[in-house]
Amino acid sequence: MALALFIGMLLPLQALINASLGKQTFGPVFASLASFMVGTGVLLAWWLLTRPVFVPAALAKVPWWAWMGGVIGALFVASATLLVPRLGAASLICLVVAGQLVGSVVLDHYGVLHARQPVDALRIVGLLLVVAGAVLVVKPWQASGG
């Protein structure tokens with residue numbers, strides 16, 4: 001749980017760093033690409049250091065949708081890079097977390113790609129509290145200038 005909390009704390013910093021890189025270079029899409037290139041290098045080194053067994057034939061057995069995590073990751077990083085200067089780090093992350101929770105509850109309820117975990121009243125209350133918290137942080141009733 002501590003690692004998940006720590007990673008969650010790093011996500012707004014990642015968005016701010018990428019937005020800064022985008023302003024200093026060629027925009028948010030380039031900054032996102034650079035972020036993925038650096039991340040790919042880190043992950044490649046990590047993977048190689050663990051001495052994996054690589055069987056290329058195993059890749060042919062992977063269903064097409066199993067590769068969509070990279071598409072979703074790219075969409076998230078590019079969108080966060082684009083939105084953090086407009087929304088601010090706190091608003092961006094609150095909206096992302098609220099969206100993650102809504103999506104997670106739906107995916108759990110229907111058992112998409114894992115064991116089904118039906119929604120119950122306590123989860124709905126928790127979901128509503130997170131959404132209410134996001135609304136209080138984002139303050140959509142105020143002008144974007146603050």
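Atom CG of Leu122 has 12 or fewer heavy atoms from other residues, nucleotides or ligands within 6.0 Å. Heavy atoms of other residues, nucleotides or ligands lying less than 6.0 angstrom from CZ of Arg116 number more than 12. In the displayed structure, Met9 atom CE is contacted under 6.0 Å by at most 12 heavy atoms of other residues, nucleotides or ligands.
Between Val97 and Val130, the shortest heavy-atom contact is CG1-CG1, 4.2 Å. In terms of heavy atoms, Cys94 sits closest to Ala134 at O-CB, 3.7 Å. For the residue pair Ser32 and Thr81, the shortest heavy atom distance occurs at OG-OG1, 3.4 Å. In plain terms, the two heavy atoms of His109 and Val119 that are nearest each other are ND1-N, 3.0 Å. Here the closest non-hydrogen pair linking Val62 and Ala66 is CG1-CB, 3.4 Å. Heavy-atom minimum distance, Ser91 versus Val138: OG-CA, 3.6 Å.
Side chains of Val135 and Pro140 form a contact here, defined as non-hydrogen atoms less than 4.5 Å apart. Taking the side chain as every heavy atom from C-beta outward, Val105 and Tyr110 never approach each other to under 4.5 Å. Contact of the Asp108 side chain with the His114 side chain is registered, since non-hydrogen atoms from C-beta on lie closer than 4.5 Å.
Take Gln117 and apply the side chain to side chain donor-acceptor pair (under 3.5 Å) test, not counting sequence neighbours, and it matches Arg123. In terms of the salt bridge (Lys or Arg N to Asp or Glu O under 4.0 Å) criterion, Asp120 has no residue partners (sequence neighbours excluded). Not counting sequence neighbours, the partners of Phe54 by the ring-ring contact (aromatic ring centres under 6.0 Å, His included) test are Trp47.
In the hydrophobic clustering of ILVMFWY residues, with side-chain heavy atoms under 4.5 Å counting as a link, Phe30 and Leu75 come out apart. Residues Trp64 and Leu113 fall within the same hydrophobic cluster, defined by Ile, Leu, Val, Met, Phe, Trp and Tyr side chains chained together at heavy-atom separations under 4.5 Å. Taking hydrophobic clusters as Ile, Leu, Val, Met, Phe, Trp and Tyr residues chained together by side-chain heavy-atom distances below 4.5 Å, Val71 shares a cluster with Val112. Hydrophobic cluster membership differs between Leu95 and Val137, with clusters built from Ile, Leu, Val, Met, Phe, Trp and Tyr side chains linked at under 4.5 angstrom. Hydrophobic clustering of Ile, Leu, Val, Met, Phe, Trp and Tyr side chains at less than 4.5 Å, counting indirect connections, keeps Val84 apart from Ile17.
Between atom CG of residue Leu16 and atom CG of residue Leu92 there is a gap of 8.5 Å, rounded to the nearest 0.5 Å. Here Leu33 contributes atom CG and Phe26 contributes atom CZ; the two are 11.5 Å apart, rounded to the nearest 0.5 Å.
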side-chain contact (heavy atoms from CB on, under 4.5 Å) evaluation trace for Val77 with Gln14: CA-CA 9 Å; Val77 170; Gln14 178 195 29; 4.0 Å; yes

